[in-house]
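Below, chains carry the letters A, B, ... as their sequence lines are ordered, and counting in each starts from 1. Computed from heavy atoms alone, side chains included, the values below leave out hydrogens, waters and symmetry copies.
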Amino acid sequence: KNQVEQSPQSLIILEGKNCTLQCNYTVSPFSNLRWYKQDTGRGPVSLTIMTFSENTKSNGRYTATLDADTKQSSLHITASQLSDSASYICVVTDFSGGYNKLIFGAGTRLAVHP
Amino acid sequence: EPEVTQTPSHQVTQMGQEVILRCVPISNHLYFYWYRQILGQKVEFLVSFYNNEISEKSEIFDDQFSVERPDGSNFTLKIRSTKLEDSAMYFCASSDSGNTDTQYFGPGTRLTVL
């Protein structure tokens with residue numbers, strides 16, 4: 001069964017610190033991997049998209065890495081800000097049907113404290 | 001910046017009633033999606049829609065659900081006879097292409113079935 005597992009489930013850090021969130025997946029065939037940020041009660045917002053041939057992708061203070069061999073990805077947040085408090089969701093695209101079906105992880109809930 | 005909009009933001013209904021959730025995707029997008037997120041759980045794919053027909057649906061999307069693009073702008077999700085377990089946030093998303101393109105999510109409709 002196609003799955004996306006994330007760790008840790010939740011994380012508390014102090015403002016200005018860095019953190020790294022992990023994602024393991026078993027989705028196959030694999031088209032691309034995305035990281036989304038979801039504020040409470042809002043829709044997910046895309047941070048990065050990586051295809052299987054990409055190893056790293058940055059978006060400001062967010063840097064995602066991908067190892068397609070081990071089926072692992074990470075999201076590194078640099079110099080955290082209070083506004084980074086949100087759920088970060090790893091999403092892997094199952095393209096087996098010829099169309100884009102997103103398989104969502106449960107997310108890591110990040111809290112940035114002053 | 002163009003965005004996906006959804007109405008209503010919150011819908012309360014009695015069990016067994018029909019509900020229609022409305023979405024206006026980004027105007028030049030061709031692919032449309034519905035997802036749901038039960039409180040405290042992960043986002044789940046329901047259905048994708050392209051060229052006026054369903055391209056893929058999950059096991060959640062049973063005969064009680066239907067989607068329609070009644071005109072050039074709206075994309076609707078109908079639940080024929082709501083159940084208590086249909087209570088969730090429902091997110092609409094759209095994308096320009098069906099593969100590696102970013103899916104843009106709306107703010108969601110919170111459905112409460114009493």
Side-chain angles (χ1 to χ4, degrees), chain A residues 1-7 9-10 21 23-25 27 29-54 57 59 62 64 66 68 86-109, chain B residues 1 3-7 9-10 21 23-26 29-51 53-61 88-112:
Chain A
K1 183 178 177 181
N2 287 335
Q3 285 190 312
V4 178
E5 302 290 337
Q6 292 187 242
S7 62
Q9 197 171 32
S10 61
L21 314 180
C23 174
N24 298 320
Y25 62 93
V27 178
F30 159 70
S31 175
N32 56 64
L33 185 145
R34 309 158 188 246
W35 282 93
Y36 281 86
K37 177 184 179 185
Q38 185 179 24
D39 292 310
T40 302
R42 305 297 300 274
V45 175
S46 179
L47 296 175
T48 63
I49 301 177
M50 290 182 290
T51 65
F52 62 88
S53 61
E54 294 178 290
K57 182 72 71 79
N59 177 5
Y62 302 104
L66 173 63
S87 285
Y88 290 84
I89 305 173
C90 175
V91 185
V92 180
T93 301
D94 176 359
F95 198 58
S96 59
Y99 291 93
N100 209 357
K101 186 170 75 173
L102 274 55
I103 310 294
F104 285 73
T108 291
R109 184 171 297 279
Chain B
E1 185 176 323
E3 57 184 18
V4 176
T5 59
Q6 290 184 243
T7 54
S9 57
H10 192 185
L21 310 182
C23 168
V24 178
I26 293 173
H29 284 183
L30 302 175
Y31 295 79
F32 314 110
Y33 312 85
W34 282 102
Y35 296 85
R36 80 171 185 190
Q37 186 175 29
I38 296 170
L39 186 64
Q41 298 186 22
K42 63 177 70 174
V43 177
E44 300 171 290
F45 169 78
L46 292 178
V47 65
S48 59
F49 191 86
Y50 170 71
N51 200 26
E53 60 183 27
I54 291 174
S55 47
E56 189 160 7
K57 59 183 180 179
S58 70
E59 58 274 11
I60 302 168
F61 194 88
M89 280 286 279
Y90 288 81
F91 294 107
C92 171
S94 70
S95 66
D96 190 22
S97 73
N99 187 5
T100 61
D101 202 28
T102 298
Q103 289 188 16
Y104 293 86
F105 283 75
T109 292
R110 180 171 297 282
L111 176 65
T112 303

Take A:Val4 and B:Lys42 through the side chain to side chain contact (heavy atoms under 4.5 Å, CB included) test and state the conclusion after the steps. CA-CA 11 Å; A:Val4 178; B:Lys42 63 177 70 174; 5.9 Å; no
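- Residues A:Gln38 and B:Val43 have side chains in contact (heavy-atom distance under 4.5 Å, counting atoms from C-beta outward).
- Rounded to the nearest 0.5 angstrom, B:Phe105 CZ and A:Tyr36 OH are separated by 4.5 Å.
- Taking all atoms of both residues into account, the shortest heavy-atom contact from B:Phe91 to A:Gly43 is CE2-CA, 3.2 Å.
- Looking at B:Gln41, there are no atoms closer than 4.5 Å to chain A (heavy atoms on both sides), in backbone or side chain.
- For the pair A:Leu102/B:Tyr33, no side-chain contact is recorded, criterion being any heavy-atom separation below 4.5 Å from C-beta on.
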